[in-house]
Visitor: 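Quick one: the structure is below, and I'll ask about it shortly.
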Amino acid sequence: MSEHERQPPAVWVVLPTYNEVGNIARMIETLASLDLNLRILVVDDASPDGTAEIASQMSRQYPDVHVICRTEERGLGTAYLAGFRYAIEAGAGAVLTMDSDFSHDPKTIPALIQALHCADVVIGSRYVPGSRIVNWSAYRRGLSAWANRFARRLFALPTHDCTSGFRLYRKEVLQAIPWHRVRSTGYSFLVETLYWATRQDPTRVKEVPICFVDRTEGQSKMGWREAFWGIVHLLRLGVELSRDQRPGAYR
Ligand SMILES: Nc1nc2c(ncn2[C@@H]2O[C@H](COP(=O)(O)OP(=O)(O)OP(=O)(O)O)[C@@H](O)[C@H]2O)c(=O)[nH]1
Ligand SMILES: [Mg+2]
């Protein structure tokens with residue numbers, strides 16, 4: 001067992017938020033109450049509903065809560081990236097991402113951290129035995145199942161859930177990703193990141209079953225525009241990768 005597998009890494013939780021005023025305070029309180037010594041980083045894109053103000057107020061009450069308020073940029077993918085950079089710079093040994101709307105149950109976090117003992121990337125997965133999806137419409141289930149099949153086939157990904165935002169990465173994996181090649185700014189960032197994070201060693205990813213529950217507060221930001229641009233970005237990467245494999249191609 002290597003040194004980094006023995007030592008529990010400092011875990012930073014990156015919470016992307018856009019209009020999560022009904023969830024953010026309870027989410028921060030719940031994470032803080034887990035007693036796992038988590039550092040919490042809210043990455044908000046100037047939500048008009050005042051999410052960032054609430055998070056900033058809470059950061060004064062909880063010293064382990066940090067807030068990035070982005071005013072120039074919008075997008076789930078670039079929010080994750082800003083969170084990764086900030087957390088690693090601040091000393092994170094591992095970075096956990098999760099939605100701020102309670103679709104990802106904070107109580108599952110210990111199981112994800114446990115699984116990191118024998119992995120570099122851990123996925124909170126909706127598509128392995130023992131997992132459940134609660135209250136999701138047939139449309140969302142269909143879209144998610146299709147997106148997963150599409151991504152898995154296109155990139156030969158080693159996981160059943162390729163689009164889950166509930167993930168834990170060792171910092172070394174994030175540092176090794178060629179970010180200049182990741183162009184997705186929205187939800188498809190998750191697929192691109194998974195591809196690069198598992199490319200070197202697909203055996204170092206583990207899936208932990210989760211119970212995914214549809215949000216009860218706030219609104220989804222996943223729409224047709226996101227889906228369209230997600231497909232475009234993934235097809236672009238697929239074409240680039242097949243060009244890389246041509247003899248003599250630049251890598
Ligand atoms: N910073 C930032 N966060 C975002 C953006 N879009 C979505 N989010 C956050 O990313 C997480 C996932 O977004 P959701 O709208 O819940 O997407 P989803 O889970 O596919 O949709 P639902 O199933 O309807 O909840 C939530 O915490 C959002 O607030 C964005 O453009 N910027
Ligand atoms: Mg959600």
Side-chain angles (χ1 to χ4, degrees), residues 12-28 30-31 40-56 58 65-87 95-106 108-109 123-127 131-148 150-151 161-167 183-191 193-194 210-231 233:
W12 280 66
V13 180
V14 171
L15 290 175
T17 55
Y18 193 75
N19 285 346
E20 298 291 358
V21 78
N23 291 309
I24 192 63
R26 188 162 67 95
M27 178 53 82
I28 290 172
T30 309
L31 289 170
I40 300 160
L41 175 60
V42 177
V43 186
D44 187 78
D45 289 355
S47 299
D49 70 354
T51 304
E53 286 73 22
I54 298 209
S56 299
M58 295 189 79
V65 174
H66 302 245
V67 183
I68 299 176
C69 303
R70 305 193 315 159
T71 49
E72 306 288 308
E73 240 176 329
R74 167 90 211 268
L76 180 58
T78 57
Y80 282 137
L81 192 51
F84 295 157
R85 290 197 168 127
Y86 183 106
V95 180
L96 188 142
T97 58
M98 64 191 293
D99 293 359
S100 315
D101 57 5
F102 286 91
S103 285
H104 300 146
D105 185 351
T108 315
I109 293 175
I123 312 283
S125 176
R126 295 160 293 182
Y127 302 116
S131 59
R132 277 197 317 140
I133 296 178
V134 178
N135 286 345
W136 237 16
S137 65
Y139 163 73
R140 285 307 303 267
R141 278 174 195 261
L143 184 65
S144 172
W146 183 86
N148 266 286
F150 174 72
D161 198 336
C162 310
T163 57
S164 170
F166 201 9
R167 292 185 183 170
R183 308 271 179 75
S184 294
T185 54
Y187 288 64
S188 54
F189 177 93
L190 287 163
V191 175
T193 304
L194 185 65
I210 60 167
C211 178
F212 178 96
V213 185
D214 193 18
R215 60 162 76 238
T216 54
E217 291 289 334
Q219 278 176 358
S220 174
K221 286 97 214 169
M222 179 67 203
W224 277 108
R225 187 188 290 259
E226 273 294 339
F228 172 77
W229 282 110
I231 293 168
H233 285 302

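Just so you know, residue 1 is the first one in the sequence shown, and it goes up from there. Since the model is a prediction, treat every value here as computed from it, not as a measurement. Whatever order the structure lists them in is the order used to number ligands and atoms, beginning at 1.
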Visitor: Judged by atom type as modelled, is there a donor-acceptor pair below 3.5 Å linking the side chain of D49 to the main-chain atoms of T51?
Guide: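 Yes; judged by distance alone, with no hydrogens or angles, the pair exists.
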Visitor: Keeping T97 on the side-chain end and G165 on the backbone end, is there a donor-acceptor pair under 3.5 Å?
Guide: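 Side chain of T97 to backbone of G165, a donor-acceptor pair under 3.5 Å: yes, one is there.
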Visitor: Minimum distance, heavy atoms only, to atom 2 (C) of ligand 1: which one of T17, D101, L76 is it?
Guide: T17
Visitor: If I take every N, O or S atom of D101, is at least one of them less than 2.8 Å from the Mg ion (ligand 2)?
Guide: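 D101 does place an N, O or S atom closer than 2.8 Å to the Mg ion (ligand 2).
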Visitor: Provide the closest heavy-atom pair for L31 versus P106 in the form atom of the first, atom of the second, distance.
Guide: CD2-CB, 4.0 Å
Visitor: For atom 9 (C) of ligand 1, what's the nearest protein heavy atom and its distance?
Guide: P16 O, 3.5 Å
Visitor: Please list, in number order, the atoms of ligand 1 under 4.0 Å from a heavy atom of K221.
Guide: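 Ligand 1 atoms under the 4.0 Å threshold to K221: 6 (N), 7 (C), 15 (O), 29 (O).
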Visitor: Answer yes or no: is there a donor N or O on one side and an acceptor on the other, between the side chain of D45 and the main chain of Y18, under 3.5 Å?
Guide: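 Absent.
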Visitor: Please report which non-hydrogen protein atom sits nearest to atom 21 (O) of ligand 1, along with the residue it belongs to and the distance in Å to one decimal place.
Guide: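 Minimum-distance protein heavy atom for atom 21 (O) of ligand 1 reads S220 OG, 3.0 Å.
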Visitor: Would you mind listing which atoms of ligand 1 come within a distance below 4.0 Å of any non-hydrogen atom of E20?
Guide: 26 (C), 27 (O), 28 (C), 29 (O)
Visitor: As a quick check of understanding, evaluate side chain to side chain contact (heavy atoms under 4.5 Å, CB included) for L81 and T193, giving each step before the final call.
Guide: CA-CA 10 Å; L81 192 51; T193 304; over 6 Å; no
Visitor: For ligand 1, which atoms, with element, lie under 4.0 Å from some heavy atom of R215?
Guide: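 So the answer, numbered in order with elements, is 14 (P), 15 (O), 16 (O), 25 (O).
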Visitor: Does P16 offer a backbone N or O that forms a donor-acceptor pair with the side chain of S100 under 3.5 Å?
Guide: yes
Visitor: Evaluating non-hydrogen atoms only, which member of Y187, Y80, Y18 is closest to atom 13 (O) of ligand 1?
Guide: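 Among Y187, Y80, Y18, the closest heavy atom to atom 13 (O) of ligand 1 belongs to Y187.
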Visitor: Is the ring pair W229/H233 parallel, tilted or perpendicular, if the boundaries are 30 and 60 degrees?
Guide: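 The arrangement is tilted - the two ring planes meet at 30° to 60°.
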Visitor: List the closest protein heavy-atom neighbour of atom 32 (N) of ligand 1: residue, atom name, distance to the nearest 0.1 Å.
Guide: D45 OD2, 2.7 Å
Visitor: Mind listing the closest non-hydrogen atom pair of I54 and A25 along with its distance?
Guide: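 Scanning both residues completely, I find the closest heavy atoms to be CG2-CB, 4.1 Å.
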Visitor: Looking only at heavy atoms of G75, does any of them come nearer than 4.0 Å to an atom of ligand 1?
Guide: yes
Visitor: Tell me whether the rings of F166 and H104 are parallel (<30°), tilted (30 to 60°) or perpendicular (>60°).
Guide: parallel
Visitor: R70 side chain to T78 main-chain N or O, any donor-acceptor pair under 3.5 Å?
Guide: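 Yes: the side chain of R70 pairs with the backbone of T78.
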Visitor: Would S100 count as being in polar contact with ligand 1, using the rule that some N or O on each side must be under 3.5 angstrom apart?
Guide: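 Yes, since at least one N or O of S100 sits under 3.5 Å from an N or O of ligand 1.
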Visitor: Considering heavy atoms of the protein only, find what lies nearest to atom 11 (C) of ligand 1 and give residue, atom and distance to 0.1 Å.
Guide: D99 OD1, 3.6 Å
Visitor: Examine V43 against ligand 1 and note whether any of their N/O atoms are separated by less than 3.5 Å.
Guide: yes
Visitor: Could you find the nearest protein heavy atom to atom 31 (O) of ligand 1 and give me its residue, atom name and distance?
Guide: R74 NE, 2.8 Å
Visitor: Which residue supplies the protein heavy atom nearest to atom 23 (O) of ligand 1, what is that atom called, and how far is it?
Guide: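 For atom 23 (O) of ligand 1, the nearest protein heavy atom comes out as R140 NH1, 3.3 Å.
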